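Here's the structure we're looking at; comments come further down.
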Number of protein chains: 2
Amino acid sequence: MSHSQLGESYALTSVDVALPPMERFEEYLQAKGKRITQPRRILVEHVFSKHEHFDADALIEELAQRDAGPKRVSRPTVYRTLNELVEAGLLRKMDIGGRAVYEHDYGYPDHDHLYCTQCGKLSEFHSEELIRLRDAVGREQGFRVTGHKFIVNGTCQECQRKTRRQKRKVDLI
Amino acid sequence: MSHSQLGESYALTSVDVALPPMERFEEYLQAKGKRITQPRRILVEHVFSKHEHFDADALIEELAQRDAGPKRVSRPTVYRTLNELVEAGLLRKMDIGGRAVYEHDYGYPDHDHLYCTQCGKLSEFHSEELIRLRDAVGREQGFRVTGHKFIVNGTCQECQRKTRRQKRKVDLI
DNA sequence: GGCTTGTTGAGACTCTTTCCCAACAAGCAA
DNA sequence: TTGCTTGTTGGGAAAGAGTCTCAACAAGCC
């Protein structure tokens, strides 16, 4: 397996990390007395070869397409491995409209999301102020904060333009 | 049906609203050309008789217990009506760990949640600053904000105490 | 190379939510 | 009030996401 390939493509958008994802995962598996198997390798390599958000179903589909023959990974294994990757801190899981969506966590800067309710696109932003606010609220309420989920709903720029165009057409009638 | 009874119990924790929930819902139904039926009345009355968070299953259960005979409401109707109540702006729906949870929206002040990952308890807080921050982020990104979901995860005070007790016991061994 | 034991994959299963459709009941009109 | 039209209900089946079971398999150790 080529670590360097994975490492390099990953480095494009990553903050500094000591190890490429697969090696990081191997550490985790070793620490837990779990085995480094072929399916786990295939899945991690695939997941970290690109940066989009994805869900389990899409992943199952893609793995089926890409490696139709011997390298396919079964559905239970996809779900199992995704959970392990979340446990290991390599992926982050969130649910958007009752559906589980995953994204890179390891080596990727902390951020929150803007969710366009029209086209479903997720975009990202980061705010230190939000973290400060969150921790302040926790302190006030005697709550030990370990994390948060913040999703801003609305309409993205592109969909706003579309809607305006639509509206203009209607106005002409 | 007694509006005043519903209205009074509701007023205890509400901000000012023009109408009790059932009347507000009737307006919505009328506007949509929908009918004011017995099941819808029973459900709304039950849901707005208390202020806790709840899920569809608990509601089905409670309605079955409370009105075993003719006044029970079927499962499909519970789901259908919950969706209508969300549409009408009377309830807010959120998913916590992939599970749909509902809470009062109409006449209830805006707030966000602290979620204890140990006992599952939800508590509430409000922050104007968060709203400002949210809108500022939206403006920056050319995103038209319509709402948000903010859940702070962690451990509530009670569970922190429990964990400490547990820990002390272990230390004694 | 052999052996132990964690892992995989097929398929069944669970859980939540929705769909289908025949029986029913709002609400309007006469 | 009665009758009629049409939206609504409830039972059961079905869909969709995710998990469980278990026999066959393959890491990793000796």
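Residue numbers start from 1 in every chain, and the chains themselves are labelled A, B, ... in the order their sequence lines are given, proteins ahead of strands. Every value quoted in this text rests on a predicted model; they were computed, and no experiment measured them.
dA26(D) atom C1' lies 12 Å from atom CZ of Arg41(A), rounded to whole Å. Rounded to a whole Å, the CZ atom of Arg75(B) is 11 Å from the P atom of dC15(C). Following rounding to the nearest Å, Leu63(A) (CG) and dT8(C) (C1') show an atom-to-atom distance of 14 Å. In this entry the distance linking NZ of Lys34(B) with P of dT5(D) reads 23 Å, nearest Å. Between Ile42(B) atom CD1 and dA25(C) atom P there is a gap of 12 Å when expressed in whole angstrom units. Leu29(A) has its CG atom 9 Å from the P atom of dG28(D), to the nearest Å. Remark: C1' of dG16(D) and CG of Asp95(A) are 15 Å apart, rounded to the nearest angstrom. Nucleotide dA23(C) holds its P atom 23 Å from the CD atom of Gln38(B), rounded to whole Å.
Between the side chain of Thr117(A) and the main chain of Gly154(A), a donor-acceptor pair closer than 3.5 Å is present.
For Thr77(B), a side-chain nitrogen or oxygen approaches OP1 or OP2 of dG10(D) to under 4.0 Å. Using a 4.0 Å cut-off, some side-chain N or O of Tyr79(B) falls inside it from OP1 or OP2 of dT17(C). Taking side-chain N and O atoms only, Thr37(B) has no distance below 4.0 Å to OP1 or OP2 of dA26(C). Contact annotation: Arg99(A) side-chain N/O to dA17(D) OP1/OP2 distance is under 4.0 Å. Listed pair Arg72(A) / dA10(C) meets the phosphate criterion, a side-chain N or O lying under 4.0 Å from OP1 or OP2. A close approach under 4.0 Å does occur between a side-chain nitrogen or oxygen of Arg40(A) and OP1 or OP2 of dT7(C).
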| request: Could you please spell out the steps behind the ring pair (Phe, Tyr, Trp, His ring centres under 6.0 Å) verdict for Tyr102(A) and His53(A)? | output: CA-CA 6 Å; Tyr102(A) 297 85; His53(A) 302 88; over 10 Å; no
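Place Arg35(B) and Val78(B) on DNA chain D by their nearest nucleotides, and Arg35(B) ends up nearer the 5' end. Along DNA chain C, the nucleotide closest to Ala56(B) and the one closest to Pro39(B) are compared, and the more 5′ of them pairs with Ala56(B).
Between Phe48(A) and His104(A), the distance separating the two ring centers is shorter than 6.0 angstrom. Aromatic ring centres of His111(B) and Tyr108(B) lie closer together than 6.0 Å.
Within 4.0 Å of Asn83(B), counting heavy atoms only, lie sugar-phosphate atoms of the nucleic acid but no base atom.
Closest to the side chain of Ser74(A), from the set dA10(C), dC19(C), dG28(D), is dA10(C). Checking dC20(C), dT7(C), dG9(C) against every side-chain atom of Val73(A), the shortest atom distance belongs to dG9(C).
Below the 3.5 angstrom threshold, one finds no donor paired with an acceptor across the side chain of Arg80(B) and the base of dT18(C).
Heavy atoms from other residues, nucleotides or ligands lying under 6.0 Å from NZ of Lys32(A) number 12 at most.
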